[in-house]
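First the proteins, then the strands, lettered A, B, ... as listed; each starts at 1.
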Number of protein chains: 2
Amino acid sequence: MQRQTNQRAAIEDCLHAAPHPMSLDELLQAARSQAPGLGIATVYRNLKRMVEEGAVVPVVLPEEPARYELAGKGHHHHFRCRLCHKVYDIPACIGDLGHLLPEGFRLEAHEILLFGLCRACA
Amino acid sequence: MQRQTNQRAAIEDCLHAAPHPMSLDELLQAARSQAPGLGIATVYRNLKRMVEEGAVVPVVLPEEPARYELAGKGHHHHFRCRLCHKVYDIPACIGDLGHLLPEGFRLEAHEILLFGLCRACA
DNA sequence: GTCGTTGCAAAGCGTTTGCAGCCTA
DNA sequence: TAGGCTGCAAACGCTTTGCAACGAC
């Protein structure tokens, strides 16, 4: 049976408050203000469980550490700024990608990564 | 100045012969048939240099080790089978993704990852 | 009081680096 | 022959795990 702890709540709160996917270090720093002394292993363990439960989705971009965001934000994609390296959520999507696949392949999911300059850096 | 070695040639040959992006271990195993005793550090060093030179492109997918493929294959994307975990090149693409971005953002590149079942597993 | 959770430190694991010897040019 | 390249092993950084203490229920 699962218990509600201060540490776990702090991590969840940070994910809820985050405007964009959080890296492990960002999460650790942010959650420590609510749960002082929070250890990094605890963040790893909780994130792992949240991902298994489907509450959190890992966001992986090339050349970057993994980030995490809450699931259930609706279908969206990600944009990374080449200069400031921030990652933004892009709520839009494009229709039917199935026609890209060769005959006989079945499409179940897709991920679109966009790269460029954000408004602040452009 | 750069020297041509048996090991480097073996790695290049394997990349040329590969029908899909190769992981480091695949590359090591394959290249050893042409360069026995090949060490993993040598594969890392050569791949790193090839990427810096722009001859090779890293292909990163979530939950998977990095793979590598030759650059200059033209613009394309990748498909990973959920069951056999093979990664296929998808030569197709979709036009203009710039309209997905918020006002003021500039799009420079994109990557599309597709997931599902390949023909053999479907 | 039980037992899931935590923090610390050690262990794992993939990648990088230092170095002596090798081999290309 | 000079110096770039290789293989080995050690070092490194990030993630996971073992374990005793803690604290939610």
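Residues A:H75 and A:H110 bring their aromatic ring centres within 6.0 Å. The six-membered or imidazole ring of B:F115 lies away from that of B:F79, with a centre-to-centre distance of 6.0 Å or more.
Secondary-structure annotation of DNA chain D gives the stems C:1-25 with D:1-25, with a stem taken as at least 3 successive Watson-Crick or G-U pairs whose two distances both fall under 3.5 Å.
At C:dT5, none of the side-chain N or O atoms of A:N6 fall inside 4.0 Å of OP1 or OP2 (strictly under the cut-off). The phosphate of D:dC5 (OP1 or OP2) has no side-chain N or O of B:T5 nearer than 4.0 angstrom.
Taking atom CZ of residue A:R49 and atom P of nucleotide D:dT16, one finds them 15 Å apart after rounding to whole Å. With rounding to whole Å, A:L28 atom CG is found 18 Å from D:dG13 atom P. Atom CE in A:M50 sits roughly 11 Å away from atom P in C:dT5 (whole-Å rounding). Rounded to whole angstrom, the span from the CD1 atom of B:I11 across to the C1' atom of D:dG7 amounts to 13 Å. Across the protein-nucleic acid pair, A:Q7 atom CD and C:dG4 atom C1' stand 12 Å apart, rounded to whole Å. As a whole-Å value, the separation of B:N46 CG from D:dC5 P is 8 Å.
The base of C:dG4 does not come close enough to the side chain of A:R45 for any donor and acceptor atom to sit less than 3.5 Å apart.
Contacts between residues 56-68 of chain B and DNA chain D, defined by a heavy-atom separation below 4.0 Å, involve no residue at all. Non-hydrogen atoms lying under 4.0 Å from DNA chain D are contributed by B:G37, B:L38, B:G39, all within residues 32-40 of chain B.
A salt bridge links A:R82 with B:E108: at least one charged nitrogen is closer than 4.0 Å to a carboxylate oxygen.
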